[in-house]
2 protein chains.
Amino acid sequence: MSEEPVGGDLSRLRQLNASAVLRELRGDQPLTLTELSKRTGLSRASTEDVARDLLGRGWLAEVAPASGSVGRPARRYRFNAGAGRLLGVDIGGHKALALVTDLDGKVLNQTRITVDPEAGRRERLAAMDRCVAKALAGAGVEAGQIWSTGVATTGLVDGSGKVMLSDSLPEWSGVDLAAHVRRLVPGPVRVENDCKLAALAETWHGVARYAKDVVFLLAGLRTGAGLIIDGKLHRGFANWSGEIGALPAAGWLRAPEHLTSWLEGTAASPSAPVEFESVFIAARAGDQSAVQAIRDYVQDLAVGASALVLTLDPQLVVIGGGFSRSADVMVEPLRRELDRWCLRTPEIRVSAFADEGVALGAVRLALDEVEATIRTGLRP
Amino acid sequence: MSEEPVGGDLSRLRQLNASAVLRELRGDQPLTLTELSKRTGLSRASTEDVARDLLGRGWLAEVAPASGSVGRPARRYRFNAGAGRLLGVDIGGHKALALVTDLDGKVLNQTRITVDPEAGRRERLAAMDRCVAKALAGAGVEAGQIWSTGVATTGLVDGSGKVMLSDSLPEWSGVDLAAHVRRLVPGPVRVENDCKLAALAETWHGVARYAKDVVFLLAGLRTGAGLIIDGKLHRGFANWSGEIGALPAAGWLRAPEHLTSWLEGTAASPSAPVEFESVFIAARAGDQSAVQAIRDYVQDLAVGASALVLTLDPQLVVIGGGFSRSADVMVEPLRRELDRWCLRTPEIRVSAFADEGVALGAVRLALDEVEATIRTGLRP
DNA sequence: TCACGTTATCCAGGACTCCTGGATAACTAT
DNA sequence: ATAGTTATCCAGGAGTCCTGGATAACGTGA
């Protein structure tokens, strides 16, 4: 139903076999032709032909042969991640973050610029531009070398890359991010919601690598979710998926207040997200009021999370977002709450990313675009 | 990620092109080679070759040429749905229902047997056997002619076709339905939950034909849901998807009580599901207490439904199950309730099936199995 | 050092599938 | 009848894959 493998020309067959070879080589260790041939099911001779082809086009690179085995040493190939460059941008409330990576997602440069949360559209876009320029310069990459770009933003994004609605950022609804970024870099530009991209990053290089169905919870000043279903990012009909927070019964809107009100009880102001650490630090030190605040928070979080879990029955729940650095104290209470509601409580893991997960997801989005073009014509 | 189109031999290319041709011919009207060639993108000559091949194997049938056009009349082909037979069985609390269909899902025989809700495992299985035998006889089909079989049951089903858990049917947990049915018919047998299959039937021949993301609500004495995501049935990691009713906040357990208590207020006993009609009839006639009972019911139903909708953002919500015959009086209240909670209320449709939807979904499950074998070798 | 086994690479030859383009067939319209 | 139109049939050629054999490169043991 979804993506019917379509037939066609003989060249189409070559394309399929070439992507099969590339897929095998996305694993980390280089492979010999014989190994490749076994994995793809192609004959050795054809594998050789395909590999020669891909090598000529720059998709593969040769690696020094392994020594120490009997027989003639085999040439070894690896995916040439350096063939192209990807750009991932996360434009949020307090910061702009840009990643320049290779085709494996290896970060060549990570640049962060702080942005005034009150900044208007013009100012925020300008900050993003500076951030991108700095990241490109830092990686020693011309804008023209960027193959594909992904952009993450809060709020709801339509298919063409416009921000439809954003309550948290001033003057942000309606901005055509894709068009704006297309002026900076060539190649395709895709825009997506930050929660969704954070989820995507987890299945790519994060803690959800081997799961097909994943619920990602963004736990921070905002609460949100991103869903991976059958290995793919689920968007929904109008890209509104995962917005369970809209249900008052879920309690996601009020959930963070348990933490902010605890902070207000202490001296620190909760304006900067860093300050939030203190609740978790206090809880870890045994402060009962902090423990209780976190418990209340998790209790509210868990109702919505349970709704997501009961709906989808995922293999895995990943906690990310601003609070995830301190999420070790959240996991157990969350598990207990989920046990209360869910028929089968999934595994719970904490994101290993700091705050670059969203931008990495944007890179993955950019890579999706590249891989789609692989399937329909191998360009370089 | 999910189903990577894999390459291979030249024969693999032929397979792909053959399935492309078959896919085009699953549309209702027969096509000429020229039309097929245009739709598949293949050259005319190759299309002819593929069609000749498929015709020889029995997958296609020739239709009398259309007259009245200029030029030489073209031969026309259609999918030969009569090449094989499928069996779909729905084994529920009150009845067993078996469908024998062709490869298009056209029903050749529909047989229903009533079963005592209190019947034990042995008795229920025996009733199912009788039902299947009668359906086969009624369709004039030998068991050996059945290519593939799907079975629907309440409760949760594991991957191998065992019922893991069923609260509603006595002695039903643990029964190995697949193994049992495999003694009746050759060919693959797959078992799945009834809500899920009802959802599948709607996307196949029901009111959800053109939607990729669908929430199906089973509204009856039991309340349940089946999810279609990206055109495919979503099962979840342990096949527990859609069980939002487990969340007390969703209110699905108590929802039908609003209707049963109204019925208890009247003379009729709510044991037989037919009696339920009376609430809806009364409501349609303007009985305010009945209208209120339905409103209360819908209000409880809508909370869980909203959770599903907010999670997935489907294009469409389909109402099926025992109450769906009378669902016209439910649609408007449901829409109003969903409007209260959802960011975007999807289209709401009522299933057009009576109670054979579940069995038809079982047939679709059987057909999935057949189509999978098409992609890896065209047998007959 | 050299033959030998092992493994990889290279090189036809053959089979299959698709494409192109032209010749032939069948039907309608004038 | 003849012209026009569309479908079918029939090579010939190109691309891709497979098989199997010849050659190359390396380690091992005599």
Side-chain angles (χ1 to χ4, degrees), chain A residues 5-22 24-25 30-57 60 62-78 375-378, chain B residues 5-22 24-25 30-57 60 62-78 375-378:
Chain A
V6 74
D9 210 335
L10 285 172
S11 63
R12 168 71 179 153
L13 187 58
R14 170 52 67 92
Q15 271 172 29
L16 288 171
N17 286 330
S19 2
V21 165
L22 281 178
E24 294 303 330
L25 285 172
L31 297 176
T32 69
L33 287 178
T34 311
E35 288 164 337
L36 268 176
S37 152
K38 248 176 220 150
R39 297 197 189 199
T40 57
L42 293 176
S43 76
R44 226 210 82 96
S46 302
T47 312
E48 195 178 338
D49 204 32
V50 170
R52 189 184 8 255
D53 208 29
L54 288 172
L55 195 66
R57 292 163 188 270
L60 299 187
E62 212 174 325
V63 175
S67 61
S69 66
V70 263
R72 174 172 175 174
R75 301 163 71 182
R76 292 190 305 164
Y77 299 90
R78 62 170 178 82
R375 271 188 271 284
T376 54
L378 304 164
Chain B
V6 72
D9 209 335
L10 285 172
S11 64
R12 168 71 181 153
L13 187 58
R14 169 54 68 92
Q15 272 173 28
L16 288 170
N17 285 330
S19 1
V21 166
L22 280 178
E24 295 302 330
L25 285 173
L31 297 176
T32 70
L33 287 177
T34 312
E35 288 163 338
L36 268 177
S37 152
K38 247 177 218 150
R39 297 197 189 198
T40 57
L42 294 176
S43 77
R44 224 211 82 96
S46 303
T47 312
E48 195 178 338
D49 206 31
V50 171
R52 188 180 13 250
D53 208 29
L54 288 173
L55 194 65
R57 292 164 186 271
L60 299 187
E62 211 173 325
V63 175
S67 62
S69 68
V70 68
R72 174 174 175 173
R75 300 164 70 181
R76 293 190 303 165
Y77 299 89
R78 63 171 177 81
R375 272 188 269 285
T376 54
L378 303 166

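Quick note on labels: first sequence line is chain A, next is B, and so on, each numbered from 1.
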Enquirer: Does a side-chain N or O from B:N17 land closer than 4.0 Å to OP1 or OP2 of C:dC18, or not?
Expert: yes
Enquirer: Could you say whether A:L13 or B:L33 is positioned toward the 5' end of DNA chain D, judged by the nucleotide with the nearest heavy atom to each?
Expert: B:L33
Enquirer: Return the value, rounded to whole Å, for the distance between atom CD of B:E35 and atom C1' of D:dT8.
Expert: 15 Å
Enquirer: Let's see if you can work this out: which of D:dA25, D:dC17, D:dG15 has an atom nearest to the side-chain heavy atoms of A:R72?
Expert: D:dA25
Enquirer: For the pair A:E35 and A:R39, find out whether any cationic side-chain nitrogen is under 4.0 Å from an anionic carboxylate oxygen.
Expert: no
Enquirer: Answer yes or no: does a side-chain N or O of B:R44 lie under 4.0 Å from OP1 or OP2 of D:dA7?
Expert: no
Enquirer: Take B:L54 and B:V21 through the test side chain to side chain contact (heavy atoms under 4.5 Å, CB included) and record every step on the way to the result.
Expert: CA-CA 9 Å; B:L54 288 173; B:V21 166; 3.9 Å; yes
Enquirer: Taking for each residue the nucleotide of DNA chain C bearing the nearest heavy atom, is the 5' side occupied by A:R76 or by A:G8?
Expert: A:R76
Enquirer: Determine: side-chain N/O of B:R14 to OP1/OP2 of C:dC18, distance under 4.0 Å, yes or no.
Expert: yes
Enquirer: Report the distance from atom CG of B:L16 to atom C1' of D:dT16, rounded to the nearest whole Å.
Expert: 14 Å
Enquirer: Using the side-chain heavy atoms of B:A74, tell me which of these nucleotides is nearest: D:dA7, D:dA25, D:dT19.
Expert: D:dA7
Enquirer: What nucleotide, of D:dC10, C:dC18, C:dT28, holds the atom closest to the side chain of B:A45?
Expert: D:dC10
Enquirer: If you check the B:L10 side chain, which of C:dT17, C:dA26, D:dC9 turns out closest?
Expert: C:dT17
Enquirer: Scan side-chain atoms only and decide if A:S37 and A:T34 contain a donor-acceptor pair under the 3.5 Å cut-off.
Expert: no
Enquirer: Assign each of A:S43 and A:P73 to its nearest nucleotide of DNA chain D by heavy atoms, then name whichever residue's nucleotide is nearer the 5' end.
Expert: A:S43
Enquirer: So, OP1 or OP2 of C:dA8: does either fall under 4.0 Å of a side-chain N or O from A:R75?
Expert: no
Enquirer: Please confirm whether the backbone N or O of B:Q15 pairs with a side-chain atom of B:S19, one donor and one acceptor, at under 3.5 Å?
Expert: yes
Enquirer: Check this one for me: any side-chain N or O of A:S46 less than 4.0 Å away from OP1 or OP2 of D:dT16?
Expert: no
Enquirer: Report the distance from atom CD of A:Q15 to atom P of C:dC18, rounded to the nearest whole Å.
Expert: 15 Å
Enquirer: What's the closest nucleotide to the A:D9 side chain, out of D:dC18, C:dC18, D:dC17?
Expert: C:dC18
Enquirer: I need the CD-P distance between B:E48 and D:dA11, as an integer number of Å.
Expert: 13 Å
Enquirer: Is the phosphate of C:dA8 approached by A:T34 (side-chain N or O, under 4.0 Å from OP1 or OP2)?
Expert: yes
Enquirer: Below 4.0 angstrom, N of the basic side chain to O of the carboxylate: do B:E62 and B:R75 qualify?
Expert: yes
